[in-house]
Structure formats: structure tokens, C-alpha cells
Amino acid sequence: MSTYKSDFLNTLSTRGYIHQCSDATGLDALAAKGDVTAYIGFDCTAKSLHVGSLVQIMLLHWAQELGQKSIALMGGGTTRVGDPSGRDESRKLLTLEDIEDNKRGIQQVFAKFLRFGSGPRDALMIDNAEWLTKLNYLDMLRDVGRHFSVNRMLAMDSVKLRLEREHELSFIEFNYMVLQAYDFAELARRYGCNLQMGGSDQWGNIINGIDLGRRMGTHQLFALTTPLITLASGAKMGKTSSGAVWLNADMLSPYGYWQFWRNTEDADVGRFLKLFTALPLAEIAKLEALGGSEINIAKKMLADKATAMLHGQKAAEDASETARKTFEEGESAAGLPTLELDLSAGVGVLQAAVLAGFASSNGEARRSIQGGAIRVNDVAVSDEKMQLTAASLNSEGVIKLSMGKKKHVLIKPKQG
RNA sequence: GGGGGAGUGUCCCGAGUGGCAAAGGGGGGGGACUGUAAAUCCCCUGGCUUCGCCUUCGUAGGUUCGAGUCCUACCUCCCCCA
């Protein structure tokens, strides 16, 4: 595998980040000199990125670690249009306020993975709204639009999919790829950017950027895409029992994040250690070699390292300790999510389960109890009319309410 | 503009003779087995003040003891002709 001259491509290749590359040899030569300026675009479609974008973030991380320059591009402009790639229905258009809001949420994460600044090796964060919002339609058509062939655009996967399935593709979405291509060319001109990376579904869009760059007279541009990360079982990655795996701590706690990695399937551990931690390959090889239940050591390492990268060492240790107490000692560890309730008049278990987020209605909570899923202080609840009162508090002054093996909430009495 | 077809449980796909809270999948949740894994098996998957009541089949009316199912109008989407 180690056929590259540069640490950059060698590392990316051996850790499993490379799916396609437009000109590996040419890129390798640049990387060997530390002359790569790589960017990845992130659209602001939600208040936080989720693990689905983590491979991309890691890519920027490695680029910087391995002597290149990284640019995190916020899609403040492109999000106003909406990327049709990989979707068979239009996204609903977001309001400008939502986009700004989302952008603020997304930006927080990058500081954990990149060093920003103004030095030559410092990473940059740029918003494509900076130039996209200033474009003039006629100028745009004459300067950029003339380089695009509609014939070719129609052949692009993102477009073809919609056309073949006879699903609507609006004109605004059709323009997304033009804007993304323009971004690449603009970054090349402004910042000497020469590499765009992204998920495999972005290949077409990136290639368009390379073509546009050539026609507009920029230096040679390169494309590098990552494989689509799926679980060994074939499912898409990134869901937990309680929804998407968000990167922002206010949307998924470090403990929840740690749990996500801890629950990785056996067959994925090695691959994920390479992709989502910076652990040296030699160490990963040792962990991968563990068999049987010992593989859990590797899973804990994965959870520790991945959580530490995102939320910091301290948060990772806390999460790890909370999990150890909860699962290995069966205690009600203080690090579990808590819920304050006024217990003076008693609170029904059904209501408590709903408030804890275990069920979305009393009926659902009731069914869970009938299925034996709900436990109070580790004792299965059989009576759905059970009341939680001050008498239910355990020796630590809390009530441990659980659903299934993995969902636990500590209920604390509300003070005055 | 003319002709034809379709919209089903707000996660998705999809059956549905006038008696239907509505078949079957997928997805999701839980249980068993395990190792907080996978695979497998079992249960659940409209709401509520739950031996009952309420709300659901594009929208609004109508026929009927009773309508997802029949009739009328409207909306949306698709196909053919122009």
C-alpha cells in the first residue's frame, strides 16, 4: 500500500480514507513538498454536523498534521441553494436566519480538530457566502456558465437519479454543482487551494470544479474522495437508539457520543480506529488482533480516543467512568443524564418515562412496561400505575430510571 | 386543452370484497441468548382519564345503520394524445 512518496497520501491510504483520487501521482508530488492546500465544504443544513461528516473532518485534520494547509469551507452561500446529490427529493429551502444559525453551530466543532490562525500552516475557515452572494447573474453566466455543458450536467449522477425516477429537480438545485465548482476555482485563486476532498457522492461535483478551474486558467486542481462509511452489517452509520449522532455537545452528550463508539460492531472496530482516531497503526493492529470478548478493549479505546478528540480528554474519561460504573458495576453513576422532578405529590412512572425521553406518549411507555423494559432502581416495573415518590429514592438520593439495558436517567427531587 | 392512472397508519414501502384501528414488509423499540457486538428467536410499533372513548386512508361535501372502499367537487403528482 505504501507506494506514495508523501506522508500525507501514505497515511490517508493506509488508514482507509481514499476512495478515488483524480491524479494520485501529481498530488503525491505536491504533498511531498507540503504544497497541498486542501478544502472540504460543509453545508449548513442543521445546527450541528453529525458523525457522517467526521471522516471529512478527520481528513482536514490529517492534512494539517501532515504538513499541508487545510481549509474548512462553510456553505453559507451554497446552503441557500441546496445540494441535490444523493437525494431523491428536494430539500426544503432554509431561511437565511436558519442558515446563519446552523453555521454558528457547525463552526464550533472544527476548532477541536484543526489549529486556526494566520500562519502558513494554520487552517482557515471561510464562508462561500463571501463571494457567492456578490455574484451578478449575467456576469456569472458569461464567465462561468459558458464553461458548463448541460449535456454533461444531465449525465451527472445527482441529476440522472432524479430524472430517471421522474422526481422533480428544480432549477435552483440544478445550479448547485455550478456553484460548488465555482467555489473550488475561487478558492484556488484566492488561497492557492489545489485539492478538494469530500465524500464519494461529491466526486462529480469536485471533477466539475477541476474542469472549471482549467477553463478559467487556475493551476492544476485535484480531487480526493472518501469511501462511503457503512457498518459491517450494511446499515448506514450514524444512528443511535436516540437519533443521529451529533457532534455538538448540546445535541448529544459526550457520554452519548462515547456510547455510540462503544457499541461499534466487532467487524468495524479496526476500520473505525483507523478512520476516527489518530492512534498509530501499530497499536491499532494489536487491538484488532484481540478476539472474543477481548475485542471490547478495542471498543473502549475507540470510544475513549474518538470522544477525547471531539470533547476533550476529561470528558472522555468521565464518560468512560460513567459507563464502567453503570455497565460493569451496575451502580447509578453520577455521570448519567439527570432529570429533576417534584416528587412531593408523586409522579407516575408512565409520565416519568415520557419526561426521560424513553417514550413519546404514555401509551408507548405503557407498552414498554408490558414488555418488561422499564426499571426503577434496577427493579423491573410491573405496575404501570406505580408512583415515584421520595420513598423511591435510593441510598444516593436519586431514582435510577432505566429502559432497556442502555438507557438510564437519574431522577433527582426538585428543590423547593 | 383532451384521455388515462395514482395519492393508505405524519419514518418509509405497500395490500385492502361497504363492517377496519385497517394485511404484509422494511426501519425503529423491547425481551431472550451473549461480550453494552453480530447473527438468531420472541414481543411491541395511532392517542387517551384504556373492560371504554377519541382520531386516522390527498381535501371538502354526499349516499348508507355503517365508507379507505360508492357518488360529487377540488388539490397534488404521473402517463398518453394535442
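Numbered from 1 within each chain, the chains take letters A, B, ... in sequence-line order. For the numbers below, each heavy atom of this structure counts, side chains included, while hydrogens, waters and symmetry mates do not.
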Below 3.5 Å between N/O atoms, which protein atoms pair up with nucleotides 45-48 of chain B? Just atom names and distances, please.
| from | atom 1 | to | atom 2 | distance (Å) |
| --- | --- | --- | --- | --- |
| G47(B) | OP1 | S361(A) | OG | 2.8 |
| G47(B) | OP2 | R367(A) | NH1 | 3.2 |
| G47(B) | OP2 | R367(A) | NH2 | 3.4 |
| C48(B) | OP1 | N362(A) | N | 3.1 |
| C48(B) | OP2 | G363(A) | N | 2.8 |

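- Rounded to a whole angstrom, the distance from the C1' atom of G5(B) to that of C54(B) is 35 Å.
- Under 4.0 Å is where a charged nitrogen must lie from a carboxylate oxygen, and between R142(A) and D139(A) no such pair does.
- Note that the NE2 atom of H19(A) and the CG atom of L224(A) stand 11.0 Å from one another [nearest 0.5 Å].
- Judged by distance alone, with hydrogens and angles left aside, Q259(A) brings a side-chain donor or acceptor within reach of the base of U36(B), the pair sitting under 3.5 Å.
- Under the Watson-Crick and G-U wobble criteria, each requiring two contacts below 3.5 Å, nucleotide U69(B) is left unpaired.
- Rounded to whole Å, the separation between the P atoms of U36(B) and U55(B) comes to 48 Å.
- If A373(A) and A323(A) are placed on RNA chain B by their nearest nucleotide, the residue sitting closer to the 5' end is A373(A).
- At the heavy-atom level, I295(A) lies under 4.0 Å from base atoms of the strands shown.
- Taking a cutoff of 4.0 Å between a charged side-chain nitrogen and a carboxylate oxygen, R115(A) and E65(A) qualify as a salt bridge.
- In this structure, F327(A) places its CZ atom 12 Å from C1' of G35(B), rounding to the nearest Å.
- Between K103(A) and E100(A) there is a salt bridge, since a side-chain N of the basic residue sits under 4.0 Å from a carboxylate O of the acidic one.
- We find that CD of E329(A) is positioned 15 Å from C1' of U36(B), with the value rounded to whole Å.
- A salt bridge is absent between E283(A) and K286(A); no separation between the charged side-chain nitrogens and carboxylate oxygens falls under 4.0 Å.
- The residues D304(A) and K300(A) are annotated as not salt-bridged, no charged nitrogen and carboxylate oxygen being separated by less than 4.0 angstrom.
- Pair check for C41(B) finds G31(B); Watson-Crick or G-U wobble, both atom distances under 3.5 Å.
- Two rings, from Y39(A) and F184(A), have their centers less than 6.0 Å apart.
- Applying the 90° criterion around 0 to the glycosidic angle, C11(B) comes out anti.
- Look at CD on E328(A): it is 8 Å from P on U36(B), rounded to the nearest Å.
- The existence of a salt bridge linking K69(A) and D122(A) is excluded, since no basic side-chain nitrogen approaches an acidic carboxylate oxygen closer than 4.0 Å.
- The aromatic rings of F276(A) and W261(A) sit tilted relative to each other, their planes meeting at an angle between 30° and 60°.
- When both pairing distances are held under 3.5 Å, U17(B) makes no Watson-Crick or G-U pair with any nucleotide shown.
- Under the Watson-Crick or G-U wobble criterion, with both distances below 3.5 Å, C11(B) is paired with G26(B).
- Among the heavy atoms of the strands, none lies under 4.0 Å from W261(A).
- If you check G52(B) for Watson-Crick or wobble pairing at under 3.5 angstrom, you find it paired to C48(B).
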Report, one pair per line, the protein and nucleotides 37-39 of chain B atoms (nitrogen or oxygen only) whose separation is under 3.5 Å.
| from | atom 1 | to | atom 2 | distance (Å) |
| --- | --- | --- | --- | --- |
| A37(B) | OP1 | K406(A) | NZ | 3.2 |
| A37(B) | O4' | K299(A) | NZ | 3.1 |
| A37(B) | N3 | D266(A) | OD2 | 3.1 |

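- Between D101(A) and K47(A) there is no salt bridge, since no side-chain nitrogen of the basic residue lies less than 4.0 Å from a carboxylate oxygen of the acidic one.
- A distance of about 15 Å separates the P atoms of G26(B) and G46(B), rounded to the whole Å.
- Here, G2(B) and G14(B) have their P atoms 30 Å apart, quoted to the whole Å.
- Nucleotides A6(B) and A82(B) place their P atoms 24 Å apart, quoted to the nearest Å.
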